[in-house]
Every structure is written in C-alpha cells, then in structure tokens.
Visitor: 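Quick one: the structure is below, and I'll ask about it shortly.
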2 protein chains.
Amino acid sequence: MLRMTKQADYGIVLMTRMAGEAGRQFTAGELAEETQLPAPTVSKILKILTRQELLDSHRGVKGGYSLARDTAAITMAEIIGALDGPIAITECIDDSPGECVQEPSCAVRANWQRINDAIRLALENVTLAEMVHPLPQRLVTLGGRPSPIAADRLAAGAAGAEALR
Amino acid sequence: MLRMTKQADYGIVLMTRMAGEAGRQFTAGELAEETQLPAPTVSKILKILTRQELLDSHRGVKGGYSLARDTAAITMAEIIGALDGPIAITECIDDSPGECVQEPSCAVRANWQRINDAIRLALENVTLAEMVHPLPQRLVTLGGRPSPIAADRLAAGAAGAEALR
DNA sequence: CGTAAATAGGACCACAGCGGTCCCCTTTCC
DNA sequence: GGAAAGGGGACCGCTGTGGTCCTATTTACG
C-alpha cells in the first residue's frame, strides 16, 4: 500500500490538465467532463485546492478556476499536502507528546525523519510543469550499473527538477 | 496523510528491536512486552514477516523468532512491502487494463513511475542496521545552501546507505 | 509419554476514514 | 432579476485497518 488518497490523485490529474493550458480558466463541470471524473468530487477538490491557494477562483457567471502560480512553481508535494494533509509516512512524527511505546522505537524516530524527508523531497522535486512535459530520458539513463543506477536516478531526478525551474 | 499502516510501523519497531541483538531468538510475547505493543497483533505481524522470509521461526517450547538475514541485508522497503503490500503511491500503476480516465492522466503515468521509484528507493536505502545505529550527521549536512541542500541530502542519503553495505 | 510452551493459520468484529453525493447560500454577469 | 458559476457544509455507504480470539501443530523437557 503506502498509498495517497484518490483525492490527491484526482487533484493531480486536474491540476495537470489545467497546466496543459496555463492561464486559462476552467469551470468545475468542464474539468469533470474532460477528466471523466465525478463532477461533485471534482468540485470538492477544486474548492480545497483554492482554499490552499493553489488555485484562483472567480465566482459568478463566467467564473471558474485557474492556476494560482506558474506551473513550475507548483510541486506534487503541495498538491498532495493540500488534499491529504501533511506528508509523513509515520504517525509519531508530528508531535505526539505521549510515550511513543519505548526507547527502541524512539531511537528509530530520527531515521524516520530522514525517510520522510526523502519522500517529501522526491515529491517536492516534481513540478506541475514536469508533469505536462515529461522529463527527457537522460534522467533515467544517467547511471550505468544495475544497482547504483538507482541512486543516480534519484539524484538526477532531483537535480533535473532543480534545473527546470 | 500518505501513510503506511500501523502494521508496517509496528513491524519496523519489532524488527529494529530484534536487530538490536541480532542472532538472538525472541518469543512473540517477549517482543510484545518489550515494545509495549498488543501481543496478538505482534504475533500476527511476526507470522507475516516469517511467511515473507524476513524472519526465521522455531516452533515448540523454546521456540521463537530470529532475523532471517543480516541486519544490513534487510531494508525498510522489504518490511513495509511484506506488511502493506507493494510500495506504490498511486493505484493505476500495477496493471489496471481499464481505461485510466483519459489521456491527460495517462500522460502523467510515466512521471508517477518516477515518483514511485524515488520513494521505493528512499526506503530501499535504509537498512535495519542503520535503524539501530543511526547514520552520522555528515549525511544530513553535506550540502550547503538552503534549497539545493535538499538534492544533496537525497543523493547523500542514497549514497551513504550504499556505502554502508 | 504426556504436558506445557511456543508458532501457524484463520475467522471474526468494530470502527475510522475515504469516496462520493447532495443541498443551500453567495457572487457575478447579462 | 435570473442564470451560471463557486463556497461551504452535511451526510452516508463501504472498504480496509486494527485488533481479538480460537483451534491446530510442533517441540522441548521431565
């Protein structure tokens, strides 16, 4: 598992669709039809994204939604965070004053922080712009060997995203 | 959110505890008491981990569980995968022959694959051994500047884990 | 050889949270 | 002033998770 919710999934689909024609304004119904997602749900998601300041909304007739920022300035982490709450694999991270079981697990906490950071980072380093224009292949084939290629891809992904901004 | 289940969380706590005295054998009750986790649940998790060949079990009196491999050869990804199923943020990854909404979202799929890979990688690059002996600080402070530090940390984390093996 | 201590394997249940719908209000254009 | 849009909730079914319990089966030991 280790899933994000469908809301976040849908949110990314919607944002990506909007990023395809950045600057333009879309109505909820329009987006629902184009993405084939249930209209009420689309509307709900757009409202949340607006409240989180990822979208601008215009009420009234001829109203609709548009991206609040440049496509390169909106990351997956933000969208997921807006719809699914803080990005953290474990629960005992945020605060939890209580006695988190015992020492062994708490000795573990520092490591979880690292893991959470790594994941948040991976998500922060993918922008909406990249979702529309997939990264070139070179980022995937930068490495060479079968195992270390992974590390290379990770670094390359981050660096690549950085370069795109 | 973006959470993993408590099962996986508990599983890591248990495995980490066992890694503290590698080679030794623990009974389910013993581990439950030491970690302050509910005994039946601990038992359930240990069974699953055994079935996934992360633990060896010995039945009968004087029985118990012990790590199936060296602590450096067991990764977070394996433990989580064993308890929570395949590690993938999105659902439409595995197979799903159906029509995954439309083109826009499917154009997105390649990028999701990258993100999933990055996360899986982050999890694969943390071994049980590291959970017991936290990594030195240098891995966190390798970078320098506020923003690019992130990319450096990511790469450093992966590389560091690699080096530990 | 029998008993106790351990794992193996399920069946089972309660409940939170997610996915999804619907309704009513407000805003704005024509 | 009416129609078309978003704003803000209330609401509800259902899946899956967290957790318990029961019944084999295995094995050490007296």
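Labels below follow one simple rule: chain letters A, B, ... track the order of the sequence lines, proteins then strands, and each chain is numbered from 1. Nothing here was measured: the structure is a model prediction, and the numbers come from that model.
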Visitor: Does A:K47 make a side-chain donor-acceptor contact with the base of D:dG8, cut-off 3.5 Å?
Guide: yes
Visitor: So, OP1 or OP2 of C:dA8: does either fall under 4.0 Å of a side-chain N or O from B:S43?
Guide: no
Visitor: Over how many whole Å does the gap from A:I45 atom CD1 to D:dG7 atom C1' extend?
Guide: 16 Å
Visitor: I need the NZ-C1' distance between A:K6 and C:dG19, as an integer number of Å.
Guide: 7 Å
Visitor: Starting at atom NZ of A:K62, determine the distance to atom C1' of D:dA4, rounded to an integer number of angstrom.
Guide: 10 Å
Visitor: CG of A:L55 versus P of D:dA5: gap in Å, rounded?
Guide: 17 Å
Visitor: Where the side chain of A:A28 is defined as all heavy atoms beyond and including C-beta, which of D:dG6, D:dA3, C:dA4 is the nearest nucleotide?
Guide: D:dG6
Visitor: For A:V61 and B:G63, find the nucleotide of DNA chain C closest to each by heavy atoms; which residue's nucleotide sits nearer the 5' end?
Guide: B:G63
Visitor: Is a donor-acceptor contact shorter than 3.5 angstrom present between the side chain of A:R59 and the base of C:dT28?
Guide: no
Visitor: Between atom NE2 in B:H58 and atom P in D:dT27, what is the gap in whole Å?
Guide: 11 Å
Visitor: Of the nucleotides D:dG8, D:dT20, D:dG6, which one has an atom closest to the side chain of A:T27?
Guide: D:dG6
Visitor: May I ask you to say what A:G64 touches in the nucleic acid, namely base, sugar-phosphate or nothing, with a heavy-atom cut-off under 4.0 Å?
Guide: sugar-phosphate
Visitor: Checking B:S43 side chain against B:A39 main chain: does a donor-acceptor pair fall under 3.5 Å?
Guide: no
Visitor: Given D:dT20, C:dC18, C:dT21, which nucleotide is nearest the side-chain atoms of A:P40?
Guide: C:dT21
Visitor: Report the distance from atom CG of A:D56 to atom P of D:dG7, rounded to the nearest whole Å.
Guide: 11 Å
Visitor: Looking at B:E21, I'd like to know if its CD atom is crowded, meaning that more than 12 non-hydrogen atoms belonging to other residues, nucleotides or ligands lie closer than 6.0 Å.
Guide: yes
Visitor: Report yes if at least one side-chain N or O of B:S57 is closer than 4.0 Å to OP1 or OP2 of C:dA8; otherwise report no.
Guide: yes
Visitor: Taking 4.0 angstrom as the limit, do B:E78 and B:R69 come out as a salt bridge?
Guide: yes
Visitor: Give the rounded distance in Å between these two atoms: CG of A:L46 and P of D:dG7.
Guide: 9 Å
Visitor: Report the nucleotide, chosen from C:dG19, D:dG6, D:dG7, that has the shortest atom-to-atom distance to any side-chain atom of A:Q7.
Guide: C:dG19
Visitor: Using heavy atoms to find the nearest nucleotide of DNA chain C for B:F26 and B:K44 separately, return the residue whose nucleotide is more 5′.
Guide: B:F26
Visitor: Does a side-chain N or O from B:Y10 land closer than 4.0 Å to OP1 or OP2 of D:dG19, or not?
Guide: yes
Visitor: Please determine if B:D117 and B:R120 form a salt bridge, counting it only when a charged side-chain N lies under 4.0 Å from a carboxylate O.
Guide: yes
Visitor: For the side chain to side chain contact (heavy atoms under 4.5 Å, CB included) test, which of B:T127, B:V126, B:N125 pairs with B:M76?
Guide: B:V126
Visitor: For D:dA5, take OP1 and OP2 only and decide whether either is under 4.0 Å from a side-chain N or O of A:Y65.
Guide: no
Visitor: To the nearest Å, give me how far apart CG (A:L49) and P (D:dG8) are.
Guide: 13 Å
Visitor: Using only heavy-atom distances, determine whether the side chains of A:S66 and A:D56 contain a donor-acceptor pair under 3.5 Å.
Guide: no
